[in-house]
Amino acid sequence: MRDGFVRAWYIFYYDLKKYYLKAPVLSWGILFPLTIVLVLGTGFGAYTYSRMIPVGFTIAVLFASTSIVHVAVAFEKMSGSINQLLFLPVKSWEVALAKILGGLLYGFIGAGLAGGIYYYLSHGLGFIHPLIYLYSLTIGSIVFSLITLLIVFWLDPVPAVAVLNIVRFTMLFLGGLLIPKPMIPPIIRPLVLFFPSVYVNDLFNYGLYNRYDYVDPYTSMIILLIYLFTLVFVAYRIMLRILKP
Amino acid sequence: MEPVIVVEDLVKRYGRVVALKGLSFKVYRGEIYGLLGPNGAGKTTTIRAVAGALKPTRGRVLVLGMDSWRMDFEVRKHIGIVPELPSLYNELTVRDNLYYIARIRGLSRNKAGERINTVAETLALKEFLDRRYGKLSKGLKRRADIAAAIIHDPEILLLDEPTSGVDPLRASSIRELVKKLARTGKTIILSSHYIDEAMNLSSRVLLLYKGTRVVEGEPSYLARILGLGKEVRIYTAEPLSNEQAGKIRELIESSGYASKIRVDREVIVAVTRETVGFLEEVLPRIKELGVKVRDLEILPPSWEMVFKGYIQPLEEGGCGPCPLAGTGV
């Protein structure tokens, strides 16, 4: 088991060396969410400042974690270097763990940058429940990473980008982020609850300001855990199709 | 002698496509075992199955007595693989690539450093260690791939088309390297669609066609059982006229010595199993037609001929020497 974690660490570490400055990671993972964070932070949009900040955090985590995981798998599929992993004594869970670690790290980087900006803009960061905030950041990054893993292992790299963007932008608009709850037609609201971003955002809201929009924090935490375990199962099965055909 | 690799009745199906149709063979310690066949023959699928990288639809592969699919993790510790396409990381230097693989394979930091120096020395890669893999030429990339495959000093090496796409000079140095590795006692499976390469390097060759074993044996045996003759090349001092060419072709055909004849403007090519008889009887009669002979060459059976003797009749719908009789192909 210890050796497995060491191998996962090396895959993760070299992924960072290989991919952390790749253009898609910088543009989609850092610049794009930061633009949104800035837009929200400087007062555009439909929310008040304190409403914008959790949304900014969620968007930063969503785009940062999905971008690095996407690049770290898609580039290897395109260059053929994924074959190395097929032939090395590496277990599939170690590969999955390494890729998720990348997503987690980038999720934290995204949240850190967003937090820095909001702190600088002096909108105040409540952190009423810091552990809930941390839980949302961690589980949110992992869930978004797993969704990406599922897509990039399932599809070829080019369609994977399209599907990933559809998923990300759908979450942006219908996942409880850019469109506030009162503006979403009641008929669509049940659909909104399908997106994990809703629960991540609600937990950020609760962690920072002790409030939520859709479901109470404990339900959100449980739902995110269900997402996590379901996605681990599904993404792992799809990974195996590539890594152990 | 105990075989190191045993492939038993291996079948691999991808949907409706059957890539391997009940393949069986054994590889013994220290030998270079060649997998030869045209594209789509099943060479890469076989290599992947041996490496435990794909699940057999039927049958099994034993590597050092372990089932390569069920115990893939253990099996991979003992093998090194050069995949069909260069597959190290373009973004990393050769040194980083080797270090990464060495660490994943469980070598300590010090041991990894030592091995990188050793394999770089063996493969003449030292001056390229700090270059990015993506910036290397194809020949150097292949050498780096081989370095990655032997970084942990494995007992078994699987080389999938190691010289594919490499210029002849570099290809030749890679072949020398394969021989060198074989001399160190490694068991090697070499897949190639280059006939000369597989035949000259391998101690035994398995000829594959559409996922089926066509014939297996020592390279010389393959040539012998086909009854292929030697190629006699007669170079003329002056270009032949059409009339002379026609007469020469007729003459050789009627002699019954040659199985294949080609008469060009300045060279007459005949494939014969009775070289002496051909030279004693046919050559003087060619000279009698007023042909001045500039030079003469007798070539051993080319592996191209061996290949054509087996594969071409199959592709044309016939059955040549019928090595596939009863296999259902």
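In what follows, every chain begins at residue 1, and chains take the letters A, B, ... in the order their sequences are listed.
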> Closest approach of Phe73(B) and Pro89(A), non-hydrogen atoms and distance?
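What the structure gives for the nearest pair is CE1-O, 3.0 Å.
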
> Side chain, backbone, both or neither: which part of Tyr13(A) has an atom under 4.5 Å from a heavy atom of chain B?
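Nothing of Tyr13(A), per the 4.5 Å heavy-atom cut-off to chain B.
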
> By number, which residues in residues 135-147 of chain A have some heavy atom less than 4.5 Å away from chain B?
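Checking residues 135-147 of chain A against chain B gives no residue, so none.
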
> Decide if atom NZ of Lys26(B) counts as having more than 12 heavy atoms of other residues, nucleotides or ligands within a radius under 6.0 Å.
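Atom NZ in Lys26(B) is not crowded, with 12 or fewer foreign heavy atoms closer than 6.0 Å.
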
> Are there residues of residues 84-112 of chain B that reach to under 4.5 Å of chain A by heavy atoms, and which ones?
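Within residues 84-112 of chain B, the residues that come under 4.5 Å of chain A (heavy atoms only) are Pro86(B), Ser87(B), Leu88(B), Tyr89(B), Asn90(B), Glu91(B), Leu92(B), Asp96(B), Tyr99(B), Tyr100(B), Ile101(B), Arg103(B), Ile104(B), Arg105(B), Arg109(B).
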
> Closest approach of Leu85(A) and Arg76(B), non-hydrogen atoms and distance?
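Here Leu85(A) and Arg76(B) meet closest at O-NH1, 4.0 Å.
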
